[in-house]
Amino acid sequence: MTVAAGLGYALIALGPAFSLFAGVVARKPFLVLTLLSSTLFWLISLIVLSGIWRGFLPIKSGTWWAYAILIITSVALQEGTRLVFWRLYKKMEEMLDAFADRISKPRLSLTDKMLISLAGGLGHGVAHAVFFCLSLLTPAFGRATFYVERCSKMPFFLASALIALGFLVIHTFSMIIAFNAYDEKKKCDQIVVPVVHLAAAVMTLVNLAPGGCLIGTPLLLVMAALTLQYCWRVACRRLTEHQHRQLNNN
Amino acid sequence: MDPAAASPAPAPAAEEPRSDASLLDALGGEVLAVMSPVSICMALVVLLISLLSPPSSGSAAGGSPPPVTAATLVYLESPTDTPAQKFVGALLDAAVFVALVAVVTFVLVALYYYRCTGFLKNYMRFSAFFVIFSMGGAIAAAVLRRLAAPLDAPTAFLLLFNGAAVGVLSVFASAVPILVRQGYMVALAVIVAAWLSRLPEWTTWIMLVALALYDLVAVLAPRGPLRMLVELASSRDDELPALVYESRPTVGPATSSSSYASAMGSVEMQTMADSGRVGGSRYDRVEQDEDASSAVVEMRDLGRGRSNIGETNRSGGSVLPVTSTDLPSNQIGSSQHAVIQIEQSEEAETAPLVSAASSNNAASDEEQRQSSSSEPMDFEMFESTRGIKLGLGDFVFYSVLVGRAAMYDLMTVYACYLGIIAGLGCTLILLSICRHALPALPISIMLGVTFYFLTRLLMEPFVVGASTNLVMF
């Protein structure tokens, strides 16, 4: 496709990520480092996953249940990675708090912690978008574009960009929900995050059916919007509770 | 000024931190100041390579055969060889290259020992000019040809000559803005890396691994050339005769009360980079005796000097600003114009990204800074804190790795980029723990190479298979 179209697709997939990065993450160097390390984690989990599955490839496209198993294992592994990331973050938080005490600066506030989880989620989302969407875009510059048989009404790259956008939003904001849930030890939120991830991934299975991408992609974006709304509720609630507690203390 | 206000006492309402006093704001700034030029350099090299029609792996491109260089003296890879032949040939090439680099480094050490610094400096100037003018000119010509952009020869010559001249000035003179100098450093690294990535594939990978191992030995072994050079330089309190990228953040007077600036240890990663001579004038038939670079990471455990830029500007053209801040902590700078305050940071710390001074040191920093700021100065006073210095050879070889990954796919580029950045971060952390010279190449190159092969062999069929069916997770 032309450079303009390619740039357009790339911006569809990564535009919100750029705005989040420029507006929030780039202002604090620590958040940029958090983003880079969470991207690294996601990459390592993907490499481990592909190591496990390498023997079974290539999967014939008729067998949708093979894809289902693939998705279940991938989501399980990624949620495990999220937990590991959380543990590491806790250790980092202790070190940072000790450091702050030593140089007599205020400790990490709630906003700081939420910003760190936002950066972590953004790292996951950006890694997903780059590996699943951008890596197919850039070799395809040139004449003509690409359509998949099963998705003949929508250009392939548009579908993949929209799906990447949906997953970016889901990854970013479910990380905030997850970190909050682990912090407050709320079981229901802890369950919500893997469930949402699994549901979204299973929804992309719909794309395997002929004409399925016309249904699957909007549904995925709806899921992304739901995640966004849920995260908004969680964050609002937590922040107002925190403020009330502070007012009560002072 | 009120010393109480200047002391880093905690804000009274610790429950409600103001956003400017947050811990997140100040941590990691120096690390990022090194990682961004590395990332920019890698991005530019990837762009250049993808623009200039990358040769597909294994076949000589329709345009240029691979250059005859020191790295292909023994064996020139051709696509018809068997993998075993390629492997053995590449090993021989890499061995010869590393031997050449070692010999040249020893010669450099000998010259430095016998104080031929004039010769060394002039040689550095010559190589900087040469790289920008000749190699950079060839790359510019190739880009212009590719983009079919019209530019006549006299204009091109004039622009190139001026660019190269300013480059030489900025690399070695002191009165050049730091941004210009940083830009030229990155440009030098981009040119050398773009040139080096034209080596054949197997040779490139094995050469990278061999250089990483050489770097490890050269910096850590007791008789390693780079270690000797670093010790010589520090015993003379002089700067290394090398091309080094400095990321000097300047802290303005308004924000000087945030004492994180004083909480940095000085970290230097130094290298020698110089390029060789050119036999012909064509881009594709160049004889090059490339002595690249091995990177050294060194931490001066004696703290950093803080000097006023006004002072360094007036201290004469031949004294590089870095020299004035290089003095070990027990000396006070002998300039007549201002006082160089040199504080000592004793603890190196378990702080994750930054080594911190203890709080009583920080308090004394504040007082000293207050006293120095009360002296009348002609122009605005900025305190320059020592940022991290990274050798140009690191830039070059990271970019060569990423450039070679770019010739395969964007996925490998991203994976190698993350591997290199992770290695760089690990090296910086290691540096703050063991306070002596450390090589910066090995961890990053090993991680980068590992990620490249893992991605290419394992991840790519998996991800491409899934995403072309629009199944994503």
Side-chain angles (χ1 to χ4, degrees), chain A residues 28-33 36 39-40 43 46-47 49-51 53-54 57-59 61 67 70-71 74-75 78 92 95-96 99-100 102-109 112 115-116 128 130-136 138-139 148 151 159-160 163-164 167 201 204-205 207-208 213 216 246 249-250, chain B residues 8-11 13-19 21-33 35 50 259-260 263 349-354 356-359 362 409-411 414-415 418-419 421-422 425 451 454-455 457-473:
Chain A
K28 310 197 184 216
F30 188 76
L31 292 180
V32 179
L33 293 171
L36 284 174
T39 317
L40 187 72
L43 172 69
L46 199 62
I47 290 183
L49 191 64
S50 47
W53 272 92
R54 183 68 176 96
L57 293 177
I59 304 183
S61 21
Y67 281 112
L70 188 94
I71 285 187
S74 329
V75 171
Q78 285 183 8
M92 164 81 71
M95 281 185 354
L96 283 181
F99 177 61
R102 209 181 35 229
I103 54 173
S104 319
K105 282 284 178 187
R107 291 183 158 209
L108 284 179
S109 68
D112 287 339
L115 279 177
I116 293 181
H128 174 98
V130 167
F131 281 103
F132 278 92
C133 173
L134 273 195
S135 58
L136 294 178
T138 33
V148 189
C151 192
S160 108
I163 295 179
F167 269 104
T204 57
L205 276 182
N207 293 331
L208 282 177
C213 63
Q246 284 187 0
N249 284 350
N250 290 355
Chain B
E15 297 297 319
E16 240 184 340
R18 308 181 307 275
S19 57
S22 159
L23 194 66
L24 286 187
D25 274 327
L27 277 184
E30 310 84 32
V31 174
L32 207 64
M35 285 189 184
S50 48
S259 63
Y260 287 115
E349 272 79 50
T350 58
L353 297 163
V354 161
S358 57
S359 48
D409 195 11
L410 185 70
M411 232 185 278
Y414 203 59
L418 284 176
I421 293 286
F451 275 16
L454 281 179
T455 306
L457 298 172
L458 288 183
M459 202 175 87
E460 210 201 332
F462 179 73
V463 169
V464 171
S467 58
T468 43
N469 283 313
L470 288 179
V471 170
M472 303 198 192
F473 41 85

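Reminder, nothing fancy here: chain letters follow the sequence lines and each chain counts from 1.
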Novice: With respect to chain B, which residue among A:L115, A:L70, A:I116, A:L31 yields the maximal number of heavy-atom pairs within a distance under 4.5 Å?
Specialist: A:L70
Novice: Going from CG on A:L43 to CZ on B:F451, what distance comes out if it is rounded to the nearest 0.5 angstrom?
Specialist: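 Output value for this atom pair is 5.0 Å.
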Novice: Do you know the tightest heavy-atom contact between B:A466 and A:F132?
Specialist: CB-CE2, 4.5 Å
Novice: To the nearest 0.5 Å, what is the distance between CG on B:N469 and CG on A:N207?
Specialist: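 Output value for this atom pair is 9.5 Å.
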Novice: Calculate, to the nearest 0.5 Å, the distance between atoms CG and OG1 belonging to A:L46 and B:T455 respectively.
Specialist: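 So the gap between those two atoms works out to 8.5 Å.
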Novice: Taking side chain as everything from C-beta outward and backbone as N, CA, C, O, which of these in A:L136 sits under 4.5 Å from a heavy atom of chain B? Side chain, backbone, both or neither.
Specialist: side chain
Novice: What part of B:I421 gets within 4.5 angstrom of chain A, counting heavy atoms only: side chain, backbone, both, or neither?
Specialist: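 Contact with chain A is through the side chain of B:I421 alone.
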Novice: Please state whether the side chain, the backbone, both or neither of B:L458 comes within less than 4.5 Å of a heavy atom of chain A.
Specialist: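 Both backbone and side chain.
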Novice: Between A:A159, A:G216, A:S50, who has the most heavy-atom pairs with chain B when the cutoff is under 4.5 Å?
Specialist: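 The option with the most such pairs is A:S50.
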Novice: Atom OG1 in A:T138, atom CG in B:D409: separation rounded to 0.5 Å?
Specialist: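 The OG1 atom of A:T138 sits 6.5 Å away from the CG atom of B:D409.
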Novice: For A:S160 and B:M472, what are the C-alpha separation, side-chain angles and deciding distance, and is it a side chain to side chain contact (heavy atoms under 4.5 Å, CB included)?
Specialist: CA-CA 9 Å; A:S160 108; B:M472 303 198 192; 3.9 Å; yes
Novice: Chain B heavy atoms under 4.5 Å from A:T39: which part of the residue, side chain, backbone, both or neither?
Specialist: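 Backbone plus side chain of A:T39, per the 4.5 Å heavy-atom cut-off to chain B.
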Novice: Counting heavy-atom pairs closer than 4.5 Å to chain A, which one of B:L454, B:L457, B:T468 comes out on top?
Specialist: B:T468
Novice: Is there a side chain to side chain contact (heavy atoms under 4.5 Å, CB included) between A:L205 and B:F473 once you walk through the steps?
Specialist: CA-CA 10 Å; A:L205 276 182; B:F473 41 85; over 6 Å; no
Novice: Using a 4.5 angstrom heavy-atom cutoff, name the option from B:V463, B:V464, B:L470 with the most pairs to chain A.
Specialist: B:L470
Novice: With a 4.5 angstrom heavy-atom cut-off, is it the side chain or the backbone of A:F167 that approaches chain B, or both, or neither?
Specialist: side chain
Novice: Please lay out, stage by stage, how A:L36 and B:M35 fare under the test side chain to side chain contact (heavy atoms under 4.5 Å, CB included).
Specialist: CA-CA 11 Å; A:L36 284 174; B:M35 285 189 184; 4.3 Å; yes
